[in-house]
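Heads up, the thing below is written out as C-alpha cells.
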Amino acid sequence: FLMMAFGAGGMAAVGLAALWRRGGTSTAALPEKRNAAELEGLLMAKRSGRALGTDISMIALHAKQAQAEAALDAAFAELETVEQVMSIYRPESQLSKLNRDGALSNPHPYFVEVLKSAQAMSERSQGAFDATVQPLWELYAAAQKSGGLPSDAEIDAARKKVDWTKLEVSNERIVLRGAGMKITLNGIAQGYAGDRVLGAMRAHGVTHALANTGEVATMGRKNGGEPWVAGIQHPRQPDALLGLANLDGICMSTSGDYNTAFTPDRAYNHIFDPATGRSPLVFSSVSVTAPKCVDADALTKPLFILSLERAQAFVATTPGAEALFVQKDGRQFMTRGFPLQA
C-alpha cells in the first residue's frame, strides 16, 4: 500500500459552483471522455438549502429542464425524510426521541439502515468509530460555555456512557442499554443523505448529478464529459484550499479539527477518541473518497483517530476507498489512487 507525500501549499478558495464547473487532470490518468453524445445538450437545475446542520446544494443534469427540477424536488423530499428521522438538531426526530427515552419502537427503515452501517464500522474499527459519543460532545460543549474544559473525572464519567456494543438495533426496536447513553449520527448521516438523494434523482431519470449534503456525492459527469470537481478545505487557512479532487462518479468526505474547536490550538475539538474521551492529536484533517458517500463519511472518523500506519491499512480494507491525510505538523500524505488534481 503506497503513500505519497506532497507539499503543504494552499490554493485560493473559490465558490463551490465554480469548482463544479472546472475541469483538470488528476494525479492518475483519467478515462477518456465518455458518453459525449449523452452529455451534449443536457440542461442544469440547481438548488440550495439547509439540513442536518449544514448548507446543502445540488445540481441535476437532464435533457428536459422540468425533469431535472422534478428530480431535485424528490431529492429534497428525501433529505427532509432523513432529517426527520436522524437529525440531532430536531427535538421531534426519531434520534432525539431515542436519546430522551432510551428506546424507540417501530423505527424508520432509514434509521435502522444507518445504525447498522454505523455498528458495522464500529466493529471493523474496533470501536474507533462510535455513534454513542454524544455524552462527550455534551460535556465539552457545556464546559466551553463556562469558559474551560471538563475535568479528567468528568471526562472519565462521560466516557463510561460511550459504548457501541450497548446499542441494540433491530427492525422492530432500537435500545440504548447503558445508563445515560445517547447517540449522534453527525459522523455518518450526511454521507447517508448523499446516497439517498442521489438515489432519488436516479429514480427520476437523472444519471448525472452532484449533491453537497455536507459531504459531496456524485454520479455520472458534468456537461462536456469532465468529472465533477470539489475543493478540499485547508485546515489552517479558512480562505484557502489544499487542492481540488476529481470526483468521477464517486463521493468525498472531509473531517477536520477546525470545524468545531474547544480550544484555540484545536487540540480539543469535536472529534473524540472513544477510548480516551479526548481528541486525537495526529491529524488536522482527513479526506476520503469512496464509491458510497456513507462509507466515505464514516471512514474519516476512525482514520482520524488511528496512527498514520494503522489508518493506511484500514483504508485498504474498503474497496475503492482512498484517503488524504494532513498531520498537525503540516505534512500531507495520500494514497496512490486519491483523485487530487496535479
Side-chain angles (χ1 to χ4, degrees), residues 50-54 56 77-142 150 154-155 157-197 213-215 253 255 259-260 270-275 277 292-295 297-302:
R50 189 166 178 83
L52 296 170
T54 192
I56 302 295
E78 188 77 347
L79 185 61
E80 173 63 19
T81 299
V82 171
E83 188 157 42
Q84 286 177 355
V85 171
M86 59 191 72
S87 174
I88 202 164
Y89 307 104
R90 290 191 178 186
E92 73 278 10
S93 72
Q94 289 199 352
L95 184 151
S96 294
K97 180 174 174 57
L98 172 65
N99 283 345
R100 283 195 301 270
D101 301 341
L104 179 72
S105 298
N106 302 313
H108 193 284
Y110 291 4
F111 203 8
V112 174
E113 184 178 14
V114 77
L115 283 177
K116 287 184 176 180
S117 293
Q119 293 294 79
M121 185 59 71
S122 294
E123 185 170 10
R124 284 181 55 202
S125 65
Q126 299 180 332
F129 182 97
D130 195 325
T132 69
V133 295
Q134 183 62 12
L136 285 169
W137 163 260
E138 293 182 349
L139 174 66
Y140 278 89
E154 290 172 326
I155 294 172
R159 192 167 58 85
K160 292 177 181 177
K161 302 173 185 178
V162 178
D163 188 349
W164 68 273
T165 66
K166 294 181 180 179
L167 170 61
E168 296 184 5
V169 183
S170 72
N171 293 338
E172 294 75 32
R173 189 169 170 82
I174 301 170
V175 182
L176 298 170
R177 291 296 182 189
M181 286 183 65
K182 292 184 180 181
I183 68 168
T184 174
L185 294 177
N186 284 357
I188 193 171
Q190 291 177 345
Y192 180 79
D195 291 329
R196 295 302 314 186
V197 299
T213 60
E215 320 305 338
S253 173
S255 288
N259 283 335
T260 303
H270 71 292
I271 301 172
F272 303 109
D273 182 346
K292 294 177 61 178
C293 201
V294 68
D295 291 335
D297 192 7
L299 273 169
T300 60
K301 284 69 184 182

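At distances below 3.5 Å, at least one donor-acceptor pair connects side-chain atoms of Asn99 with backbone N or O atoms of Ile183. The main-chain N or O of Phe129 is never found under 3.5 Å from a side-chain atom of Arg124 such that the two would form a donor-acceptor pair. Of the possible polar contacts, none joining the Asp297 side chain to the Ser253 backbone as a donor-acceptor pair under 3.5 Å is found. The closest donor-acceptor contact from the side chain of Ser122 to the backbone of Gly127 lies at 3.5 Å or more, if one exists at all. Between the Ser93 side chain and the Ser87 main chain, a donor and an acceptor come within less than 3.5 Å of each other. No donor-acceptor pair closer than 3.5 Å links the side chain of Glu215 to the backbone N or O of Val294. Side-chain atoms of Asp163 come within 3.5 Å of backbone atoms of Thr165 as a donor-acceptor pair (strictly under, hydrogens ignored). Listed for the Arg159 side chain is no donor-acceptor partner under 3.5 Å among the backbone atoms of Pro274. Side-chain N or O atoms of Gln119 include one that pairs as donor or acceptor with a backbone N or O of Leu167 at under 3.5 Å. Ser96 places no side-chain N or O within 3.5 Å of a backbone atom of Glu92 that could act as its donor or acceptor partner.
Considering OG1 of Thr213 and CD of Glu78, their distance stands at 12.0 Å, rounded to 0.5 Å. The distance from the CG atom of Asn171 to the CG atom of Asn106 is 10.5 Å, given to the nearest 0.5 Å. Distance check: Trp137 CH2 to Thr184 OG1 gives 9.0 Å after rounding to the nearest 0.5 Å. In this structure, OH in Tyr140 is found 10.0 Å from CD in Glu154, a value given to the nearest 0.5 Å.
Counting heavy atoms from C-beta on, the side chains of Arg196 and Glu113 come closer than 4.5 Å. The closest side-chain heavy-atom distance from Asn186 to His270 is not below 4.5 Å. No side-chain heavy atom of Ile188 sits less than 4.5 Å from a side-chain heavy atom of Met121. For the pair Thr81/His108, a side-chain contact is recorded, criterion being any heavy-atom separation below 4.5 Å from C-beta on. Using a 4.5 Å cut-off on side-chain heavy atoms (C-beta onward), Val112 and Lys116 make contact. Under the 4.5 Å side-chain criterion, counting only non-hydrogen atoms from C-beta, Tyr192 is not in contact with Leu185. Side-chain atoms of Leu104 and Leu95, non-hydrogen and from C-beta on, never get closer than 4.5 Å to each other.
Atom NZ of Lys166 has 12 or fewer heavy atoms from other residues, nucleotides or ligands within 6.0 Å. More than 12 heavy-atom neighbours from other residues, nucleotides or ligands sit within 6.0 angstrom of CD on Glu168.
Scored by the salt bridge (Lys or Arg N to Asp or Glu O under 4.0 Å) test, Glu80 finds Arg90 as partners (sequence neighbours excluded).
Checked by atom type, the side-chain pair Gln84/Tyr110 shows no donor-acceptor distance below 3.5 Å.
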